[in-house]
Amino acid sequence: MAEPASGMPQAACQRVLPNPHEENLVNTVRQLDRVVIRFAGDSGDGMQLTGDRFTAETAKLGNDLSTLPNYPAEIRAPAGTLPGVSSFQIHFADTDILTPGDEPEVLVAMNPAALKANLPDLKSGGIIVVNTDEFSKRNLTKVGYDANPLEDDSLEDYQVHPVPLTSLTIGALEEHEVGKKDAARSKNMFALGLISWMYSRPTESTEGYLKKKFASKPEIAGANIAALKAGWNYGETAEAFAVQYEIPPASLAAGTYRNITGNAALAWGIVASGVASDLPVFLGAYPITPASDILHELSKHKRFGVTTVQAEDEIAAVGAALGASWGGALGVTTSSGPGIALKSETISLAVSLELPLLVVDVQRAGPSTGLPTKTEQADLMMAMFGRHGEAPIAVVAPQSPSDCYATMLEATRMALTYRTPVMILSDGYIANGAEPWLLPDMADLPDLRVDFQTTMNAQDADGNDIFLPYQRNPETLARPWAVPGTPGLQHRIGGIEKADGTGDISYDPANHDHMVRTRAAKIAGIDVPDIEVDDASGNAKVLVLGWGSTWGPIGAAVRGLHDRGIDIARAHLRYLNPMPANLGEILGRYDKVVVPEMNLGQLALLLRGNYPGTDVVGYNKVRGLPFTSNELQDALEEVIKNG
Amino acid sequence: MAEPASGMPQAACQRVLPNPHEENLVNTVRQLDRVVIRFAGDSGDGMQLTGDRFTAETAKLGNDLSTLPNYPAEIRAPAGTLPGVSSFQIHFADTDILTPGDEPEVLVAMNPAALKANLPDLKSGGIIVVNTDEFSKRNLTKVGYDANPLEDDSLEDYQVHPVPLTSLTIGALEEHEVGKKDAARSKNMFALGLISWMYSRPTESTEGYLKKKFASKPEIAGANIAALKAGWNYGETAEAFAVQYEIPPASLAAGTYRNITGNAALAWGIVASGVASDLPVFLGAYPITPASDILHELSKHKRFGVTTVQAEDEIAAVGAALGASWGGALGVTTSSGPGIALKSETISLAVSLELPLLVVDVQRAGPSTGLPTKTEQADLMMAMFGRHGEAPIAVVAPQSPSDCYATMLEATRMALTYRTPVMILSDGYIANGAEPWLLPDMADLPDLRVDFQTTMNAQDADGNDIFLPYQRNPETLARPWAVPGTPGLQHRIGGIEKADGTGDISYDPANHDHMVRTRAAKIAGIDVPDIEVDDASGNAKVLVLGWGSTWGPIGAAVRGLHDRGIDIARAHLRYLNPMPANLGEILGRYDKVVVPEMNLGQLALLLRGNYPGTDVVGYNKVRGLPFTSNELQDALEEVIKNG
Amino acid sequence: MADVKLDAPKLKAKDFKSSQEVRWCPGCGDYAILAAMQSFLPELGLEREKIAFVSGIGCSSRFPYYLNTYGMHSIHGRAPAIATGLATSRDDLSVWVVTGDGDALSIGGNHLIHALRRNVNLKILLFNNRIYGLTKGQYSPTSEPGKLTKSSPMGSVDAPFNPLSLALGAEATFVARTLDSDRAHLQEVLRAAAAHEGSAFVEIYQNCPIFNDNAFETLKNPESRDEALIRLQDGEPIRFGDRVVVQSGYGLEVKNASDVDEKDVVIHKSDVDDPAYAFALSRLSGIELDHTPVGVFRNVKRPTYDEGVRRQVNEAATGVDRKDALDRLLHSGDTWTVL
Amino acid sequence: MADVKLDAPKLKAKDFKSSQEVRWCPGCGDYAILAAMQSFLPELGLEREKIAFVSGIGCSSRFPYYLNTYGMHSIHGRAPAIATGLATSRDDLSVWVVTGDGDALSIGGNHLIHALRRNVNLKILLFNNRIYGLTKGQYSPTSEPGKLTKSSPMGSVDAPFNPLSLALGAEATFVARTLDSDRAHLQEVLRAAAAHEGSAFVEIYQNCPIFNDNAFETLKNPESRDEALIRLQDGEPIRFGDRVVVQSGYGLEVKNASDVDEKDVVIHKSDVDDPAYAFALSRLSGIELDHTPVGVFRNVKRPTYDEGVRRQVNEAATGVDRKDALDRLLHSGDTWTVL
Ligand SMILES: Cc1ncc(C[n+]2csc(CCOP(=O)(O)OP(=O)(O)O)c2C)c(N)n1
Ligand SMILES: Cc1ncc(C[n+]2csc(CCOP(=O)(O)OP(=O)(O)O)c2C)c(N)n1
Ligand code: SF4
Ligand code: SF4
Ligand SMILES: [Mg+2]
Ligand SMILES: [Mg+2]
């Protein structure tokens with residue numbers, strides 16, 4: 001049970017309980033179970049900060065939530081233009097939730113561009129809070145509005161609240177020691193105050209945040225806090241805002257939570273992997289959207305013995321990581337599609353060397369440069385097969401932002417235990433999306449410590465102790481990891497085929513066949529947990545099976561069907577190579593298996609190929625956007641109906 | 001009907017017709033329908049030349065034949081060592097043949113290393129002609145022979161002909177003006193003469209060849225010719241050689257033939273593609289085994305308007321080829337696995353730019369450096385999927401050395417018609433193997449000329465003529481190819497997603513989905529001929545389906561089964577993406593489809609995935625060697641028997 | 001390359017504007033370079049279709065979209081390779097490469113040095129803002145040591161390249177430097193680059209107001225620039241403000257004019273064959289920009305790669321009937337006939 | 001890097017021989033380099049396990065197999081990148097890179113120049129035989145223009161790199177050249193390279209008797225070598241045969257000793273900070289080898305990359321309880337508790 005944080009501004013305490021007969025009275029408070037709000041403005045308007053603060057307030061209140069920031073693509077467009085729009089969406093509820101929401105019900109639009117860009121997504125009948133001060137002729141023309149949409153009937157399907165946010169903010173700050181420009185820049189805090197009032201969020205933590213952030217500029221802190229309060233009070237007093245909403249806390253598992261993005265969770269999962277394995281972490285990376293933030297985040301954590309090398313290119317990045325792995329570090333490399341493609345030759349070397357290596361692919365829309373800021377799941381086949389020769393590697397995919405942490409630990413376990421590269425397939429949606437994360441207990445950190453080889457491991461014909469660098473662990477098929485510096489175990493490794501055992505170059509046909517099969521068997525034999533099916537009723541004929549970031553939307557869709565009494569089973573694949581041992585059996589239980597993917601059917605092809613007899617139905621959209629749970633619900637229902 | 005070439009040395013005319021009762025008489029001539037001979041010696045012994053000349057003689061005699069050279073791997077080992085052994089195998093027959101033969105029946109071993117390295121392959125009971133002069137204590141120890149195998153019973157399963165080749169040659173050349181060293185170097189010609197006698201081959205063309213080759217050193221030419229004749233005469237006179245063999249000509253299709261390796265045919269296919277399309281050819285390449293010879297060959301053919309650029313690396317090589325394609329050339333890049341992996345990011349760009357590009361992958365054993373001189377088929381999945389994003393390209397595979405020529409023309413047709421990269425999957429076996437090729441008639445050269453875009457192709461809202469660089473041909477979905485230099489059609493292309501039609505950058509989700517599907521549809525819609533099945537009896541329950549270089553061994557195996565009255569159907573895939581439209585229907589006809597591949601089952605996975613319901617049985621060996629037809633025959637029989 | 005006639009432009013700057021809206025951050029130095037380029041291009045005396053721009057990826061690499069010529073916005077670092085293919089196979093085009101410090105020197109370093117050593121007929125414009133702009137502000141191979149960025153929160157420990165030294169070490173035949181903010185100078189350098197047969201390497205200091213603002217302020221600020229900016233003029237003594245440049249060992253040194261004998265002042269000559277002088281010049285300023293020469297450092301003639309390649313092909317191909325030659329090729333060597 | 005003590009070797013050459021049979025062509029220059037290396041390594045004063053060799057692909061790159069140290073035969077061109085990862089994460093190892101002219105300068109050019117500018121503590125030995133050996137004889141980026149090979153049957157039109165000029169343009173702190181056939185000189189150079197803190201770039205002229213025989217004959221043949229080979233000695237005037245080297249403009253020139261005033265003879269100093277002198281020296285001989293200096297061209301101190309990276313990590317990590325810090329990291333910033 002969540003404990004709602006206290007400390008709302010004074011006015012908030014005077015709220016009136018909902019009264020169905022007085023709905024139109026001022027300050028009616030209405031209970032909602034969930035709401036989706038989107039803050040949208042120019043890149044310079046501070047929408048990400050606004051969203052982050054609203055999220056923090058909401059989290060403290062005990063709601064479950066999920067967020068999705070949306071930055072302008074690639075380039076910084078001039079202020080007030082459509083490509084310059086930045087937005088932040090939050091979905092929060094009194095139950096656990098799975099996605100940042102299909103359609104916002106509330107849109108805060110700081111300028112005409114933000115209105116125009118986001119209106120198509122708004123739920124019909126939704127609320128629009130709009131900054132009228134920015135609706136000048138000039139700004140309207142900039143985005144192609146012939147007429148002012150606030151003045152014609154184009155918004156008649158929505159509840160529009162026109163608020164002169166800029167001038168109200170400036171007005172509220174008249175007595176503060178800040179210039180007009182700085183005052184105007186606080187308008188996002190005014191908006192935050194207003195929306196916080198509307199949804200009964202406490203603003204105290206934001207005040208504290210602002211004081212800390214602007215510790216060296218107390219006048220700015222003061223102005224922002226004043227704007228925040230002014231916004232709150234404006235909601236409280238302005239007649240236009242007839243209703244205030246309350247979303248009761250969700251009943252979440254007990255524990256301490258924080259909000260976390262996928263990239264941060266991934267970086268922290270790497271840090272945790274270093275701690276759990278007691279190895280130094282070595283990241284070789286080259287910046288690329290949407291993976292760069294992992295490099296940025298890890299660069300901050302040198303205190304964990306994390307080395308980050310910004311290499312000259314992706315090939316050098318993975319090469320350096322592999323060199324560090326050879327030296328006994330946990331070698332990691334992070335990139336997105338184009339960079340992963342470049343790394344493929346070196347990953348193939350890592351397969352041959354049988355050294356641990358973590359390769360993170362934060363997938364974005366392709367092919368080629370594609371849509372760098374948009375999400376996609378179209379690198380699965382490259383992860384599986386994008387190397388010359390038979391070069392199998394392990395592949396795993398996190399299913400949500402916070403899940404990145406645990407997935408990285410799992411990937412590390414696989415890499416270290418089996419001495420193999422592991423590809424981690426995140427995507428843009430997971431990378432930048434955020435959700436509350438129940439912080440794990442340090443006592444539960446797995447023990448991933450490694451036994452480095454330090455002694456001879458065999459005897460030659462004459463009974464002398466010798467070291468065989470490709471002598472395998474009979475259970476895992478892993479070879480010894482004898483790092484340079486280990487006395488007496490000097491040996492040479494390389495990309496030419498090696499005799500199993502000795503590691504000497506071997507052109508023997510039988511040995512090559514044996515090695516190809518052994519490397520394949522090693523990956524196929526990786527110990528992965530069984531996949532779990534959620535088939536509450538036990539009557540489902542259709543299974544929906546996803547992987548990666550579709551977890552949230554699929555879950556929400558399935559919940560919708562279940563709520564409507566429609567039977568459907570659900571499972572989600574974290575382990576893509578090897579797949580769980582029980583998967584075939586599970587697939588066999590259902591008449592049809594629906595596989596929603598943000599690609600043209602990559603997992604579907606693998607399932608058809610690996611589990612003959614399974615009737616796989618793909619649901620594929622490649623729009624650079626996550627699925628909405630509504631579309632999925634419709635699609636699943638359709639399959640169920642058509643038997 | 002082949003016309004046997006005349007002009008054998010005198011002695012050959014005095015042969016005696018075979019007489020079953022006189023088998024042990026001197027100079028008995030026995031008819032054979034086929035034979036497999038392997039010449040083996042040190043790298044410096046000139047075995048490739050010997051094999052080539054024997055091949056030329058055999059071809060002229062009208063036999064069908066197939067050859068396979070085998071060079072030492074990678075490095076030049078010291079003389080007389082096992083890694084330094086070089087060999088050349090030829091299979092010739094009085095019918096058409098499909099492979100260089102599983103096991104040699106005759107081994108010419110110029111030194112102990114050659115004997116040791118090749119003996120395991122020799123058919124039991126086979127003939128060994130061995131140069132006894134090289135069997136010194138020192139040479140024997142070098143290769144780990146404790147005792148002289150010529151002197152113990154280790155060769156008792158074979159018919160051994162010990163011949164002091166070196167001293168006989170030196171002796172024969174005593175009166176020639178060459179030093180002892182040069183004389184000794186002619187021993188390969190002595191051996192050639194002897195084997196030519198044994199198999200009744202004319203040596204005239206070799207004499208001509210030697211005269212031409214050593215035109216500037218007539219004494220060397222003379223010595224070689226003398227050695228050749230001495231070898232012949234030695235066969236004729238030495239009592240040891242009781243039997244002479246004859247293999248009557250095969251009845252091959254009428255026309256002019258030449259022997260050709262896969263790499264040469266591929267290079268000539270590229271030359272022919274330039275001629276057929278009337279485009280300049282631009283090859284960007286970086287040397288790599290076993291693809292370098294294509295670069296070497298094309299470098300010689302500048303007279304065809306072929307430009308070859310030896311780039312700084314594979315990424316530059318494909319980049320330059322793509323740049324040239326943009327400029328209106330036929331852009332080609334050639335490499336092997338490691339290099340193709342490096343090219344993948346740029347191929348993904350080519351997919352997005354929708355420009356023609358030919359990418360040749362001469363596959364070798366992987367992963368990583370693998371076994372560079374050994375063959376494999378393990379890059380199929382990389383060809384299909386080894387790029388980030390949904391980046392489909394066309395994939396074709398030649399089935400034999402001479403087939404490379406036609407396959408390149410087909411690849412060019414696809415690339416030019418559909419404006420797409422096309423991957424051509426050859427392999428080491430095809431690349432270096434050789435077979436007779438019925439030379440095509442120039443009149444049959446396809447017309448591959450392209451319509452470059454030179455005019456506007458649309459109108460804007462105001463009725464002005466405009467150029468839409470992504471306006472598609474409704475039939476092929478190809479976009480216009482408007483090369484720089486074309487007046488009025490200036491436009492910009494790039495790897496960011498483009499609006500269909502205009503080609504302008506577009507972040508529109510619906511457009512991205514449309515473009516992803518359109519690129520996929522374009523490849524899926526490529527016009528490829530139906531696959532043909534050879535199911536003579538019509539009673540087969542099992543189909544064997546191969547791709548690429550397994551064509552020969554599979555064909556030979558199937559012929560063996562048919563000869564034994566066992567029903568089996570057979571088909572071979574040249575078009576791997578898209579697959580022929582009738583393939584599904586064909587697969588559906590059979591209870592089981594056996595797919596032999598020199599990988600762990602890549603085509604098998606694709607077939608299972610794309611043609612659900614097909615019972616695919618993989619036959620996989622990854623030994624760096626082609627299949628033998630015997631093992632295939634056994635494996636197929638097994639499947640047929642087990643129903 | 002297309003025969004550049006640097007006279008009588010019949011096109012205007014506006015003829016080189018494309019229909020695409022220009023999208024860099026407000027105040028980005030790329031705008032000035034674009035404007036300078038658009039008003040310079042008519043001087044080439046070429047039709048627009050004879051000009052091709054190839055870029056990699058980066059803010060700077062969006063340049064081709066804004067020019068009404070042929071353009072390719074390719075992939076990160078590969079523009080010199082792609083342009084090599086185009087320039088080698090097409091002698092009628094004027095081929096320009098636009099790249100950034102990350103694009104050209106980090107991921108694309110290999111293609112750059114190879115294009116320069118081969119002397120492919122490309123005009124390579126490196127927009128050096130000493131930062132990764134597009135990916136939001138990581139340090140680049142030209143950032144100053146100690147630079148604080150998202151990927152170097154404790155300060156970068158990378159020693160930077162000196163792009164001109166690197167180009168000279170890679171046998172570049174034309175090496176120049178200019179500034180985004182000085183249109184006249186920029187155009188003068190573009191003019192010289194265009195007239196050069198072979199690879200012309202031009203480093204353009206470009207301000208990124210968002211991630212590395214004022215990186216080149218020393219050279220722009222009226223208070224400092226006279227002390228820092230050295231305008232090279234062929235055949236002229238190197239002077240700036242009241243300073244002059246003199247030889248010192250194998251390098252160069254700045255002195256007060258008053259302390260130096262007039263005859264000791266170095267006379268700038270870009271056409272010296274030995275690159276040692278240009279190299280010395282490139283070392284006059286390091287990352288600190290205290291004495292920064294701009295202008296053409298080196299401009300010498302050497303056979304171009306593309307011309308060499310084409311000459312061989314043309315020699316071999318002249319007068320050849322390809323179809324006939326193909327038939328003869330197929331029939332060359334040992335053949336036999338089955339009747 | 002592991003603390004190199006250049007004294008009291010307790011190991012012998014044979015201790016550095018691995019069990020693998022050496023497999024180069026008879027007469028290959030690589031044998032001599034290997035022998036020199038094996039008898040030099042004891043001088044490092046390090047245990048064998050403290051030494052790691054990383055190579056790319058090429059004949060030369062098989063080198064690590066033959067040394068009883070740790071070794072990685074990696075992939076083509078990538079050895080400097082892989083070695084950078086090893087050297088940066090392990091301060092206790094002596095890391096050597098063995099590469100060829102194709103491996104280092106063609107496909108691996110980018111990693112090479114970046115390792116040099118960063119000054120990663122690597123000893124990079126470039127076996128320059130001016131040809132691609134392993135792939136059987138195509139021209140390389142150091143082959144002479146006009147070279148006839150299988151891939152250039154009408155003669156190569158590529159202008160070559162001067163590897164030392166390139167390294168200097170890439171900010172190399174240690175640059176040297178030596179010859180396969182002169183064991184004493186080779187070892188002297190290896191000694192200096194080993195003692196250098198940072199990237200040491202050593203070009204070794206290596207004969208490939210199979211595909212490019214006698215490429216360096218001018219420097220080896222007793223009849224020509226005295227006229228061609230210049231042995232650099234720190235602090236000594238540069239003389240060879242009856243010739244001397246004098247400054248000429250920003251470069252250097254060879255003169256008859258008798259025509260030159262003793263004081264004008266250049267005194268070789270490898271420790272000059274300004275790379276202009278070393279660059280001038282690198283230009284003294286081009287592809288023709290007419291006046292070829294061997295020895296240490298440049299040897300200066302500059303902070304190393306790996307040391308800088310490690311210092312930051314060590315500073316930050318000292319005294320940190322990682323598990324505890326992880327717990328605090330997870331709980332940092334805004335958190336809330338559900339009871
Ligand atoms: C293969 C690949 N790796 C990384 C990226 C991401 N990326 C795009 S531009 C860029 C660097 C841009 O810096 P610069 O070349 O200096 O250009 P600027 O934006 O500063 O003009 C990077 C790392 C990419 N697009 N492709
Ligand atoms: C990615 C890749 N491309 C190409 C090759 C083929 N290859 C191997 S070594 C080599 C060049 C060798 O030349 P060099 O580096 O000079 O070494 P050398 O053999 O002369 O010692 C090439 C092109 C390869 N192994 N991998
Ligand atoms: S980030 Fe910098 S370089 Fe890029 S457009 Fe903005 S100001 Fe220009
Ligand atoms: S090919 Fe040349 S470099 Fe390679 S091993 Fe033989 S002689 Fe040495
Ligand atoms: Mg930049
Ligand atoms: Mg070489």
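Within every chain, numbering begins at 1; the chains are lettered A, B, ... in the order of the sequence lines, protein sequences first and strands thereafter. Bear in mind the structure is a predicted one, so any value in this text is a computation, not a measurement.
- The pair A:E312-D:R118 meets the salt-bridge criterion, since a charged nitrogen lies less than 4.0 angstrom from a carboxylate oxygen.
- A:W268 approaches D:L329 most closely through the heavy-atom pair CH2-O, 3.5 Å.
- D:R78 places no side-chain N or O within donor-acceptor distance of the main-chain N or O of A:G319, the cut-off being under 3.5 Å.
- Proximity to chain D is absent for every atom of A:S348, based on heavy atoms less than 4.5 angstrom apart.
- Of the listed residues D:D324, D:V320, D:V313, the one with more heavy-atom pairs under 4.5 angstrom with chain A than any other is D:V313.
- Between A:I496 atom CD1 and D:I75 atom CD1 the span is 12.5 Å, to the nearest 0.5 Å.
- Between A:D278 and D:K323, none of the side-chain N atoms (NZ, or NE/NH1/NH2) sits under 4.0 Å from a carboxylate O, so this pair counts as no salt bridge.
- At a 4.5 Å heavy-atom cutoff, the contact between D:S332 and chain A is made by backbone and side-chain atoms alike.
- Closest approach of D:Y70 and A:G485 over heavy atoms only: CE1-N, 3.5 Å.
- When side chains are defined from C-beta on, A:E57 does not count as touching D:D334, because their heavy atoms never get closer than 4.5 Å.
- In this structure, CG in A:L438 is found 10.0 Å from OG1 in D:T337, a value given to the nearest 0.5 Å.
- When the candidates A:G327, A:A316, A:P487, A:G305 are compared by the number of heavy-atom contacts under 4.5 Å with chain D, A:P487 comes out ahead.
- Contacts of D:A325 with chain A are made by both backbone and side-chain atoms, with heavy-atom separations under 4.5 Å.
- For a residue to count as touching a neighbouring chain, one of its non-hydrogen atoms must lie under 4.5 Å from one of that chain's; by this rule A:Y209 does not touch chain D.
- The contact between A:Y257 and chain D is made by backbone and side chain atoms together, counting heavy-atom distances below 4.5 Å.
- Contact of A:L489 with chain D is made through backbone and side chain together, with heavy-atom distances under 4.5 Å.
- For A:L439, the part lying under 4.5 angstrom from a heavy atom of chain D is the side chain only.
- Heavy atoms of A:V483 lying under 4.5 Å from chain D belong to its backbone as well as its side chain.
- Panel note: side chain A:R492, backbone D:T69; a donor-acceptor pair is recorded below 3.5 Å.
- The distance from the OH atom of A:Y405 to the CG atom of D:L330 is 4.5 Å, given to the nearest 0.5 Å.
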Query raised in the report: Should A:L61 and D:W336 be marked as a side-chain contact (heavy atoms from CB on, under 4.5 Å) after you check the CA-CA gap, both sets of side-chain angles, and the distance that decides it?
Result: CA-CA 9 Å; A:L61 263 185; D:W336 65 95; over 6 Å; no

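- Within the 4.5 Å cutoff, no side-chain heavy atoms of A:Q490 are placed close to those of D:L67.
- Between A:I505 and the choices D:Q20, D:R62, D:R23, the side chain to side chain contact (heavy atoms under 4.5 Å, CB included) rule is met once, by D:R62.
- Atom NE2 in D:H73 sits 10.0 Å away from atom CG in A:L349 (nearest 0.5 Å).
- Put simply, of A:P436, A:S205, A:G331, the one with the most heavy-atom pairs under 4.5 Å next to chain D is A:P436.
- For D:Q312, the parts sitting under 4.5 Å from any heavy atom of chain A are the backbone and the side chain alike.
- Between the side chain of D:R322 and the main chain of A:G274, a donor-acceptor pair closer than 3.5 Å is present.
- Between chain A and the options D:E49, D:R48, D:H111, heavy-atom pairs under 4.5 Å are most frequent for D:E49.
- Heavy-atom pairs under 4.5 Å with chain A peak, among D:I51, D:T84, D:D327, at D:D327.
- In this structure, CG on A:D504 lies 8.5 Å from OG on D:S18, to the nearest 0.5 angstrom.
- D:V309 touches chain A through its side chain: at least one heavy atom from C-beta onward sits under 4.5 Å away, while N, CA, C and O do not.
- With a 4.5 Å cut-off on non-hydrogen atoms, D:F53 touches chain A through its backbone but not through its side chain.
- The closest side-chain heavy-atom distance from A:T307 to D:S89 is not below 4.5 Å.
- Ranked by heavy-atom pairs shorter than 4.5 Å toward chain A, the options D:A81, D:S19, D:P64 are led by D:A81.
- Using a 4.5 Å cut-off between heavy atoms, A:A272 touches chain D through backbone and side chain atoms alike.
- For the atom pair CE of D:M72 and CD1 of A:I493, the computed distance is 4.5 Å after rounding to the nearest 0.5 Å.
- Side-chain atoms of A:I315 and D:N110, non-hydrogen and from C-beta on, never get closer than 4.5 Å to each other.
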